[in-house]
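The model shown is predicted, which means the values in this text are computed figures rather than measured ones.
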Amino acid sequence: MKKLYWFIFDYLRQRMPEREPRFPHLDQPLKVMIIYESDVLERNDSIKSIRQDLLLRQMDVTMWGYVEKKEIVSLVLPQSRILGLADYNLLGKPRDYVLRDLTAEHYDLLIDLTTRPLLPLRYLTMFADADFKVGLNLGEGIHDMLLSLPDFTPEQGNEAQLEASWLYNQIMSYLTTIKSND
């Protein structure tokens, strides 16, 4: 059944309109969206520290996460939202109200901190309206800049969150090193 879900995702991805990515100027204030896999308790301490780092860089930050459970206890706020199983239909696609909220805002930069191919997060990244999308190379072709994750073994703690912090540091390192031609 999961193969069917991914087949539908690929079908929709191929029919997305062609985008012309614009590399972000990190020395200017940007509107940034972070896509991440939430921990089960919805605390996301490492994601909150990433948000603080971006706020210190004078960026407007919106965070959307996903956790595989039916009932989400976190509040839906304009700058932070966690989605769950109820926010997706039987085929794994986000419900209309999620897509409407997702596409209502335009972002200069989308940072995808997911470290494994989760279909709900792939949909968010694909449908988000952003000038430049960066994330881990998971084989879908929905990012403008891809990073490859070497053999990384976190010591202890929440593995996904440690990898998200490491991935964020790598992304910011590359984005600050590369200069735009715009």
Show your reasoning for whether side chain to side chain contact (heavy atoms under 4.5 Å, CB included) applies to R122 and T114.
-> CA-CA 9 Å; R122 303 295 73 183; T114 56; 2.6 Å; yes

Nearest non-hydrogen partners of L109 and P24, listed with the distance | CD1-CG, 4.0 Å

Test side chain to side chain contact (heavy atoms under 4.5 Å, CB included) on Y174 and L147 and set out the steps.
-> CA-CA 9 Å; Y174 281 106; L147 277 77; 3.6 Å; yes

If you group Ile, Leu, Val, Met, Phe, Trp and Tyr by side-chain heavy-atom gaps below 4.5 Å, do I111 and L56 land in one group?
-> no

Decide yes or no for Y168 and L54: does some side-chain heavy atom of the first lie under 4.5 Å from some side-chain heavy atom of the second?
-> yes

Check: M33 and M63 side chains under 4.5 Å, non-hydrogen atoms | no

Aromatic ring pairing Y123/F127, orientation class (parallel under 30°, perpendicular over 60°, tilted between) | parallel

Would you say L119 and L91 are hydrophobically clustered, going by side-chain heavy atoms of ILVMFWY under 4.5 Å?
-> yes

Okay, side chain of E68, backbone of G84: is any donor-acceptor separation there less than 3.5 Å?
-> no

Considering all heavy atoms, the nearest H106-K31 contact = O-CD, 3.3 Å

Can you find a heavy atom in the side chain of F132 that is under 4.5 Å from one in the side chain of L30?
-> no

Do the non-hydrogen side-chain atoms of L55 and M59 ever get within less than 4.5 Å of each other?
-> no

Could you grab the distance from atom CG of L110 to atom CG of D129, nearest 0.5 Å is fine?
-> 10.0 Å

Is there a side-chain hydrogen bond (donor to acceptor under 3.5 Å, both in side chains) between R43 and S38 once you walk through the steps?
-> CA-CA 8 Å; R43 289 193 184 138; S38 175; over 6 Å; no

Atom pair OG1 (T62) and CZ (R81), whose distance is rounded to the nearest 0.5 Å = 11.5 Å

Shared hydrophobic cluster for L102 and M16 (ILVMFWY, side-chain gaps under 4.5 Å) = yes

Are the side chains of I72 and L83 in touch, meaning some heavy atoms are under 4.5 Å apart?
-> no

Is L118 reachable from L4 through a run of I, L, V, M, F, W or Y residues, each pair having side-chain heavy atoms under 4.5 Å apart?
-> yes

Just by distance, do the side chain of K133 and the backbone of A128 share a donor-acceptor pair under 3.5 Å?
-> yes

Any idea which heavy atoms bring I34 and I50 closest together, and the distance?
-> CD1-CG2, 3.9 Å

What is the minimum heavy-atom distance between T176 and S173, and which atoms define it?
-> OG1-O, 3.1 Å

Polar side-chain atom of Y5 near backbone of L90 as donor-acceptor pair, under 3.5 Å | yes

Could you tell me whether the side chain of R57 and the main chain of Q28 form a donor-acceptor pair under 3.5 Å?
-> no

Do F23 and D108 pass the side chain to side chain contact (heavy atoms under 4.5 Å, CB included) test, and can you show the C-alpha distance, the side-chain angles, and the key distance before you say yes or no?
-> CA-CA 9 Å; F23 194 84; D108 300 308; over 6 Å; no

Decide yes or no on salt bridge (charged side-chain N to carboxylate O under 4.0 Å, His left out) for R100 and D96, but give the supporting numbers first.
-> CA-CA 6 Å; R100 191 171 38 255; D96 289 340; 5.8 Å; no

Nearest heavy-atom pair of D39 and V67: which atoms, and what distance?
-> O-CG2, 3.8 Å

Would you check, one step at a time, whether the test side chain to side chain contact (heavy atoms under 4.5 Å, CB included) holds for D131 with R19?
-> CA-CA 8 Å; D131 288 337; R19 297 178 47 248; 5.8 Å; no

Is the backbone of L77 close enough, under 3.5 Å, to the side chain of S80 for a donor and an acceptor to pair up by distance?
-> no

Is the number of heavy atoms from other residues, nucleotides or ligands under 6.0 Å of Y11 OH greater than 12?
-> no

How long is the span from the NE2 atom in H143 to the CE atom in M126, to the nearest 0.5 Å?
-> 11.5 Å

Given side chains that start at C-beta, do those of K93 and I8 come closer than 4.5 Å, heavy atoms only?
-> no

OH of Y36 to CG of L124: how many Å apart, nearest 0.5 Å?
-> 11.0 Å

Return yes if some donor-acceptor pair links the side-chain N/O of D144 with the main-chain N/O of P21 below 3.5 Å, else return no.
-> no

Nearest atoms (heavy-atom pairs only) where E42 meets S74 | OE1-OG, 2.6 Å

If you group Ile, Leu, Val, Met, Phe, Trp and Tyr by side-chain heavy-atom gaps below 4.5 Å, do L146 and L175 land in one group?
-> no

Has the side chain of N169 got a donor or acceptor atom that lies under 3.5 Å from a matching backbone atom of S165?
-> yes

Distance-only, no hydrogens or angles: does the K69 side chain make a donor-acceptor pair with backbone N or O of V40 under 3.5 Å?
-> yes

To the nearest 0.5 Å, tell me how far I47 CD1 sits from Q52 CD.
-> 13.0 Å

dist S46:OG -> L167:CG (nearest 0.5 Å) comes out at 11.0 Å

With distance as the sole criterion, is a donor-acceptor pair present between the side chains of D87 and Y66 under 3.5 Å?
-> no

